[in-house]
Amino acid sequence: MITIALSKGRIFEETTPLLAAAGITALEDPEASRKLILSTNRPDVRLIIVRATDVPTYVQYGAADLGIAGKDVLDEHGGEGLYQPLDLQIAKCRMMVAVREDFDYFGSLRRGARLKVVTKYVKTAREHFAAKGMHVDLIKLYGSMELGPLVGLADAIVDLVSTGGTLRANNLKAVEAITDISSRLVVNQASLKLKRDTLQPIMDAFSQAVAAKQ
């Protein structure tokens, strides 16, 4: 049995054509089903539906053989015990620093001000600001980052930005790009050795499907 860990939403939707290229089709829609383990048209392949942030952990510890996770999640996880053979070029966005429209971010940097930053990407934010020689106080939140600067909790946020619509709706502006984000295929290293004959065709099909779109 091959187990593939996925999260609901955009990643699942954009993974569906890649699975189809490998001859794998989920028998139920995770958005409509309460099931966390989904059968597929192949008796030897199943999908498990987990939180996006948990995908690397399921794969790392062998509860899943394969998984698909965003670079943002993998950077925070650290990637231990994972083989990352392929950038799937899906669920693209950017990790950005954003502030209120009326906040002088670069003026604050020049003055050497110590900024308060809210984010759920603490490791990524810490490394970014440390590389710039900036002193910041990081405050971890799990959602609604945009609210932080609006109510005085923080001066800036570090978060994923796709279209920028949420920032604009809340009178925020992106001021600095940290990194481009897309989703990656991750593989359990032991599974790759023990189940290579089954996993390799799936990985190859994903690779060919990605190449065909470029």
Side-chain angles (χ1 to χ4, degrees), residues 1-93 95 120-121 123 142-144 159-160 162-163 166 180-214:
M1 177 65 70
I2 297 298
T3 300
I4 303 174
L6 298 171
S7 56
K8 289 184 180 182
R10 183 181 176 189
I11 286 182
F12 190 94
E13 292 170 4
E14 296 191 28
T15 298
T16 298
L18 300 177
L19 291 171
I24 301 168
T25 304
L27 298 184
E28 295 182 70
D29 180 355
E31 300 294 345
S33 173
R34 292 175 178 265
K35 292 181 180 179
L36 300 178
I37 300 177
L38 302 182
S39 299
T40 73
N41 61 315
R42 285 180 47 170
D44 62 333
V45 178
R46 65 179 182 176
L47 310 179
I48 61 173
I49 306 302
V50 303
R51 288 178 65 94
T53 51
D54 291 336
V55 168
T57 302
Y58 275 86
V59 177
Q60 176 185 0
Y61 289 100
D65 303 292
L66 302 173
I68 294 175
K71 183 178 182 293
D72 54 316
V73 170
L74 293 168
D75 286 348
E76 289 295 304
H77 174 272
E80 295 177 12
L82 300 176
Y83 175 48
Q84 302 181 38
L86 185 61
D87 181 348
L88 298 173
Q89 297 292 320
I90 61 173
K92 291 183 177 181
C93 54
M95 186 75 72
K120 68 177 177 179
Y121 303 104
K123 181 174 182 289
Y142 293 92
S144 301
D159 202 7
L160 299 180
S162 183
T163 65
T166 302
D180 291 326
I181 300 294
S182 57
S183 291
R184 314 297 171 94
L185 178 67
V186 292
V187 187
N188 176 272
Q189 292 179 344
S191 295
L192 189 58
K193 295 178 181 178
L194 299 174
K195 303 180 181 181
R196 179 177 286 275
D197 289 347
T198 307
L199 291 179
Q200 195 64 53
I202 296 174
M203 294 163 57
D204 289 345
F206 278 19
S207 181
Q208 291 165 9
V210 172
K213 292 196 303 180
Q214 295 178 343

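For the pair Asp180/Lys92, no side-chain contact is recorded, criterion being any heavy-atom separation below 4.5 Å from C-beta on. Counting heavy atoms from C-beta outward, Thr57 and Arg51 have side chains that stay 4.5 Å or more apart. Taking the side chain as every heavy atom from C-beta outward, Leu88 and Ser182 never approach each other to under 4.5 Å. For the pair Tyr83/Asn188, no side-chain contact is recorded, criterion being any heavy-atom separation below 4.5 Å from C-beta on. Taking the side chain as every heavy atom from C-beta outward, Met95 and Leu160 approach each other to under 4.5 Å. The closest side-chain heavy-atom distance from Ile4 to Ile24 is below 4.5 Å.
Under a 3.5 Å cut-off, the side chain of Gln60 and the backbone N or O of Gly81 do not form any donor-acceptor pair. At distances below 3.5 Å, not a single donor-acceptor pair connects side-chain atoms of Thr25 with backbone N or O atoms of Asn41.
Taking both residues in full, the closest heavy atoms of Thr53 and Pro56 are given as O-CD, 3.7 Å, listed atom of the first, atom of the second, then distance. When all heavy atoms are compared, the tightest approach of Val55 to Ala5 is CG1-O, 4.0 Å. A pairwise comparison of heavy atoms in Ile68 and Ser183 identifies CG2-CB, 3.9 Å as the closest pair.
Asp75 and Tyr121 form no side-chain donor-acceptor contact under 3.5 Å, judged by distance and modelled atom types alone.
Applying the side chain to side chain contact (heavy atoms under 4.5 Å, CB included) criterion to Ser162, with sequence neighbours excluded, gives Arg10, Cys93.
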For residues 192-199, tabulate all N or O donor-acceptor pairs below 3.5 Å that involve a side-chain atom, not counting sequence neighbours.
unit_1, atom_1, unit_2, atom_2, d
Lys195, NZ, Met1, O, 3.0
Lys195, NZ, Asp65, OD1, 3.1
Lys195, NZ, Asp65, OD2, 3.3
Arg196, NH1, Gln200, OE1, 2.9

Distance-only donor-acceptor pairs under 3.5 Å for side chains of residues 27-35, two or more places apart:
unit_1, atom_1, unit_2, atom_2, d
Glu28, OE1, Ser33, OG, 3.4
Glu28, OE2, Lys35, NZ, 3.0
Asp29, OD1, Glu31, N, 2.9
Glu31, OE2, Gly9, N, 3.0
Ser33, OG, Lys35, N, 3.0

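Within a 6.0 Å radius of OH in Tyr58, no more than 12 heavy atoms belonging to other residues, nucleotides or ligands are found.
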